[in-house]
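The block underneath contains the structure these notes are about, expressed in structure tokens.
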2 protein chains.
Amino acid sequence: MGTRIDDLAEECTVEAALEVIGGKWKLVILRHLLEGTKRFGELDKALPGITPRMLTRQLRELESDGLVLRTVYPQVPPKVEYSVTEIGESLRAITDQLEQWGRAYREREHTRRW
Amino acid sequence: MGTRIDDLAEECTVEAALEVIGGKWKLVILRHLLEGTKRFGELDKALPGITPRMLTRQLRELESDGLVLRTVYPQVPPKVEYSVTEIGESLRAITDQLEQWGRAYREREHTRRW
DNA sequence: CTCACGGCTATACATTTTGATAGTACGGGT
DNA sequence: ACCCGTACTATCAAAATGTATAGCCGTGAG
């Protein structure tokens, strides 16, 4: 008994986490940045189908959530670099786990016979 | 070099995984079912704010993706039980990881001073 | 003068997801 | 005849998310 409150807290934790890394692009962007610092244009090319509008939005959200760092170089033409923060780096465990699960899932689906 | 194709494949893996467990409710529902078999009404009560419509939809999707099992007992009043399949069970690693990360993230946000 | 570069931003629109509200089906109890 | 409980289902509306298309900024090359 008495685990209700804990359960609820855990649930909120997960929900909160999902608000930060949920959505179609967030984790995919993070995965690219986990490979190293990238510029806007590089990300744009690396993400087939994303519009600059979306990319900007997602990056700004990630930035304000403290997951990525945005560095502007006052040059012309402009140069902006994006990199993961320490917290962003700690997401590697999740993306790895997710990828591992995704692989296993695909295997299963392939040989499925429930 | 030559890692482009692999990267792309990994990315698709993650995206595919997100299609199955993405969204506002899926993982939260799974978390409840990972605690044990539950009935529709129980889930409804356990998920504050979800509408029966949403709950039904999400459960059906999870079912058709092979993550949960739906068992109907031909009684009146009706009784339907939901439980995780073996694949669903394998998601525990992810929900745990996510919760762990969420906790750490909250800590960070709390004491933030970038 | 004009155009290109890089990183956006503006505007308008389409699609997808989520929500509120109410109703259905079924047999059993009163 | 009427209501109850259980698990939905239908209809409509709103909100979140995504897309298409075009343009801005300043400077240096042509």
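Reminder, nothing fancy here: chain letters follow the sequence lines and each chain counts from 1.
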Exercise for the section: Assess whether one donor atom and one acceptor atom, taken from the side chain of A:R53 and the base of C:dT9, lie less than 3.5 Å apart. Expected result: no
Completion exercise
Comparing B:T51 with A:R39, nearest DNA chain C nucleotide closer to 5' gives the residue A:R39
Problem - B:E42 CD - D:dC8 C1' separation (whole Å) - result: 16 Å
Problem - Closest listed nucleotide, where the reference is the side chain of A:P52 and the choices are D:dA7, C:dC8, D:dT19 - result: C:dC8
Practice task
Could you tell me whether the phosphate oxygens of C:dG19, OP1 or OP2, come under 4.0 Å of any side-chain nitrogen or oxygen in B:K24?
Solution key: yes
Completion exercise
Taken to the nearest whole Å, CG/A:L47 to P/C:dC8 is 14 Å
Exercise for the section: Rounded off to whole Å, could you give me the CG-to-P distance for the A:L55 and D:dT17 pair? Expected result: 16 Å
Handout entry: Rounded distance (Å) that lies between atom P of D:dA7 and atom CD of B:E81
Key = 9 Å
Exercise for the section: Between C:dT18, C:dC5, C:dC8, spot the one nearest the side chain of B:M54, thanks. Expected result: C:dT18
Practice task
Look at A:R60 and C:dT9 and indicate whether a side-chain polar atom (N or O) is within less than 4.0 Å of OP1 or OP2.
Solution key: yes
Exercise for the section: Verify the contact: side-chain N or O of A:Y82 to OP1 or OP2 of C:dC8, cut-off strictly under 4.0 Å; return yes or no. Expected result: yes
Exercise for the section: Please state how far atom NZ in B:K79 lies from atom P in D:dC8, giving the value in whole angstrom units. Expected result: 13 Å
Completion exercise
So OG1 of B:T37 and CD of B:E42: to nearest 0.5 Å the spacing works out to 9.5 Å
Exercise for the section: Would you please confirm or rule out a distance under 4.0 Å between OP1 or OP2 of D:dG18 and any side-chain N or O of A:Q58? Expected result: yes
Exercise for the section: Determine whether more than 12 heavy atoms belonging to other residues, nucleotides or ligands lie under 6.0 Å from atom CD of B:E89. Expected result: yes
Handout entry: Atom-to-atom span, CD of B:E61 to C1' of C:dT17 - whole angstrom
Key = 10 Å
Handout entry: Straight-line distance of B:R57 CZ to B:L62 CG, nearest 0.5 Å
Key = 13.5 Å
Exercise for the section: Report yes if at least one side-chain N or O of A:R57 is closer than 4.0 Å to OP1 or OP2 of D:dA16; otherwise report no. Expected result: no
Handout entry: Atom pair distance, as rounded to whole Å: CZ in A:F40 and P in C:dG6
Key = 13 Å
Handout entry: Over-ring placement of B:K38 relative to B:Y82, 6.0 Å and 45° cut-offs
Key = no
Exercise for the section: Write down the distance between NZ (A:K26) and C1' (D:dA16), rounded to a whole number of angstrom. Expected result: 12 Å
Exercise for the section: Mind checking B:Y73 for me? I need base, sugar-phosphate or nothing, with any heavy atom below 4.0 Å counting as a touch. Expected result: nothing
Practice task
Identify whether the distance between the nearest side-chain nitrogen and carboxylate oxygen of A:E81 and A:R70 falls below 4.0 Å.
Solution key: no
Problem - B:L59 vs A:V76, nearer the 5' end of DNA chain D by closest nucleotide - result: B:L59
